[in-house]
Amino acid sequence: MKIEKIKIEGFRGIEKFEGALPQLGSLCGVNGIGKTSLLAAIRYLLTGEELGNVINIKTDKAIVSAQVLNNDGELMEITRCKKQNKPTTCKINGHTVTVGELNASIENWCGIAVDKLKILSSADVIAAMKPQDLSAFILDYIPEDLTTELIIGYIQNSTIGMLKICENGLPEGKFGMNEIDKLEQVCREKRKELKKEWEQKKILYKECPKIKPQKDRAAIEKSIEEFHEKEAIYKAYLEKENAYKVFTNNLERYNSSMKEVEEKLSKATNIVKPDENEKAAILAEKKSLTETKTNQLNTKNSMQIALKQLNSTLENLNKPVCPISDKIVCNQDKTKVKAELVETINKTKEGLESLEIEIKKTDDKISENEKRADKYANTQKRYEQYQALVNYKANLEKAKPQMVEKPVKVEAPSAEIKKSLNEELKVLTKYEEGLKLGTQITTLETLVSDYDKMVKALEPKGIVKTSIIEYYLKLFEDICNKKSSNSEYSFKFEAENGIVITMSKNNDDYLPYSSLSGGERAYMLFIIMDMLNELSGTKMLMIDELSVLDKETFSKLLDLLIANKNDYDHVIIASVNHSDIENTIKEKNEFTSIF
């Protein structure tokens, strides 16, 4: 990503700076002039990396903005601003965006993740990386040239199962190291899953009998089938036996009931069906007698009232006063009237006496009628009871229990035999399960072994990654040595708990970074960063503190940068302004001073 122009305000040691960013730029000056601050400002703008307080002590905020070219060649302005105790704010073309949105845009324009850009833009970060971190970073740039056949070729003594794991777990065509990592993780998980199943089946297998039973399944199942037939026969016998018991009980109740009813019928003599005409005559006579008695009682009551009145009249005639008023004295002769009145009273009494006789006769007739009615009711009751017995007997005869033959006794099958047969089948089943488990255990053991070998082959120190790393380390080593072919330095890449890079001067001993002089360290970092930039396509190289190089090494370094300038959008070198440094830069006449 090409930066056309950069503007810095209040960032670390820079109060204010604005200027173009050349393809080859140099920062030469005394310590404190802002060389490192400018490089840090570029990194901050591109990655958001702050590394401590970035705000100048004379202001309350730091602003870094630049005009950059995107993938379509359009000029875009990007800005990051940091205020005291507040998060960074970002803009694209003057419009506020989130940190994530700005980072995504930069990643799109650069083609590199911001996290990797932080490393690639800082020699200090690369210098401080441990072998394992450097290995992980460099191996990310292994080209996607791996194939399934190549991976299988790296694995020694591979089995058919391992070949299938590779063929099923790796994509067709070419792929990168990330697919190896995915397959390793899949193999680890599958190994764990299969091992758990394997252990569980071994536990189950221990519980299975190992000696084959004498009888096979067909013989045992035939014996069980025969036993079930006997059980069915015995069950049928029990049902018939129960039916016979029900029959005998019902027959006993039938005979008892029939005997009882026949005894009652034999005792029932002189049973006559009541005559309905007689009943009607009795009822008619009862009605007539009831009416007669009612009339007689009414007559009696009338005669008694009349007799009472006659007696009262006779009593009044015997008094000297007038019946009309006690104040009137009656001197008329009443003898004749009294005689007539006495005669009438006597006749009334005689009539009452005769009537009493008639009433008694009527009562006798009523009593006789009631006796005839009671006799008729008793006759009817006896007839109905008799008829009920006759009907009951008829119903009994209809419901007479059907004859059930007594079944021939069948002995119950032995429960011990059934238990023994079931136990034999259970043992055989467990034995057969053991055979299946044995086969499954053998298969699982093979699978676990295959996946275990695959994990060991694919893990970081396994043969696959080791072989791939050794191959590509040789390529990376060749890239660095090619870049350094015109110098007295050569490089070696070795896999030791990561990647260890060593450098030799004039084919002397290869020394790690920590054992090099200041100038040698700077040269090594340049070569490594150049290689990483070539692999990643960053097209930006920033190297600080080059004043540690001697004149000859510095000159050769500049020649390398000039020779490869077309590989970069920007190369920025920083150094204290020693005369040798400044004169060498001027002699090359390729670098533009940024300050």
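Side chains are part of it too, since the values below use all heavy atoms of this structure and drop only hydrogens, waters and symmetry mates.
Listed for the S484 side chain is a donor-acceptor partner under 3.5 Å among the backbone atoms of Y489. In this structure, N108 contributes its side chain and A104 its backbone to no donor-acceptor pair below 3.5 Å. No donor-acceptor pair closer than 3.5 Å links the side chain of N242 to the backbone N or O of L238. Judged by distance alone, the side chain of K82 and the main-chain N or O of K86 form a donor-acceptor pair under 3.5 Å. Judged by distance alone, with hydrogens and angles left aside, the side-chain atoms of Y376 form a donor-acceptor pair with the main-chain N or O of D275 at under 3.5 Å. Using modelled atom types, one side-chain atom of S485 and one backbone atom of K482 make a donor-acceptor pair closer than 3.5 Å. Side-chain N or O atoms of R382 include one that pairs as donor or acceptor with a backbone N or O of T269 at under 3.5 Å. Between the side chain of D72 and the backbone N or O of E74, no donor-acceptor pair lies under 3.5 Å. Formation of a donor-acceptor pair under 3.5 Å by the S420 side chain with backbone atoms of E416 is not found in this model.
Under a cutoff of 6.0 Å and an axis angle of 45°, K492 and Y510 form a cation-pi pair. For K264 and Y392, the positive end is not near the middle of the six-membered ring at less than 6.0 Å and at most 45° from its axis. Relative to the ring axis of W198, K202 places its NZ or CZ within 45° and under 6.0 Å from the centre.
Taking the side chain as every heavy atom from C-beta outward, E193 and K190 approach each other to under 4.5 Å. A 4.5 Å side-chain heavy-atom check between L102 and R80 finds at least one atom pair inside the cut-off. Contact annotation: the side chain of K91 never approaches that of C81 to less than 4.5 Å [non-hydrogen atoms, C-beta and beyond]. Counting only heavy atoms from C-beta outward, the side chains of D567 and E534 never approach each other to under 4.5 Å. Inter-residue side-chain proximity for E231 and K235 is flagged as unmet; no heavy-atom pair is nearer than 4.5 Å. No side-chain heavy atom of Q387 sits less than 4.5 Å from a side-chain heavy atom of I271.
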Start with the C-alpha gap between E424 and S223, add the side-chain angles, then the distance that decides, and say whether side chain to side chain contact (heavy atoms under 4.5 Å, CB included) holds. CA-CA 11 Å; E424 285 180 10; S223 297; over 6 Å; no

Worked verdict on L437 versus L204 for side chain to side chain contact (heavy atoms under 4.5 Å, CB included): CA-CA 8 Å; L437 284 170; L204 294 175; 3.8 Å; yes

Run F526 and L541 through side chain to side chain contact (heavy atoms under 4.5 Å, CB included) and show every step you take. CA-CA 9 Å; F526 159 69; L541 183 61; 3.4 Å; yes

Yes or no on side chain to side chain contact (heavy atoms under 4.5 Å, CB included) for L146 and I180, after CA distance, side-chain angles and deciding distance? CA-CA 9 Å; L146 303 176; I180 304 295; 4.1 Å; yes

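Taking a 6.0 Å sphere around OH of Y472, one finds it holds more than 12 heavy atoms contributed by other residues, nucleotides or ligands.
With no hydrogens or angles considered, a side-chain donor-acceptor pair links R217 and T429 at under 3.5 Å. Between the side chains of S490 and N481, no donor N or O sits under 3.5 Å from an acceptor N or O. A donor-acceptor contact closer than 3.5 angstrom links the side chains of T88 and Y44. Residues K453 and N157 have side chains that never bring a donor and an acceptor to within less than 3.5 angstrom of each other.
Residue E459 holds its CD atom at 5.5 Å from CZ of R188, rounded to the nearest 0.5 Å. Between the CD1 atom in I468 and the CG atom in L473 there is a gap of 11.5 Å [rounded to 0.5 Å]. Rounding to the nearest 0.5 Å places CG of L511 at 8.5 Å from CE of M524.
Contact check on K465 versus D181 returns a salt bridge, with a Lys/Arg side-chain nitrogen under 4.0 Å from an Asp/Glu carboxylate oxygen. Using a 4.0 Å cut-off between charged nitrogen and carboxylate oxygen, K474 and D478 count as a salt-bridge pair. A salt bridge does not link K230 to E226: none of the charged nitrogens lies less than 4.0 Å from a carboxylate oxygen. Between K182 and E179 a salt bridge is recorded (basic side-chain N to carboxylate O distance below 4.0 Å). Ion pairing between E262 and K393 holds under the 4.0 Å rule for side-chain N and carboxylate O.
Tested against L170, the residues T148, I152, I165 include a single side-chain contact (heavy atoms from CB on, under 4.5 Å) partner, T148.
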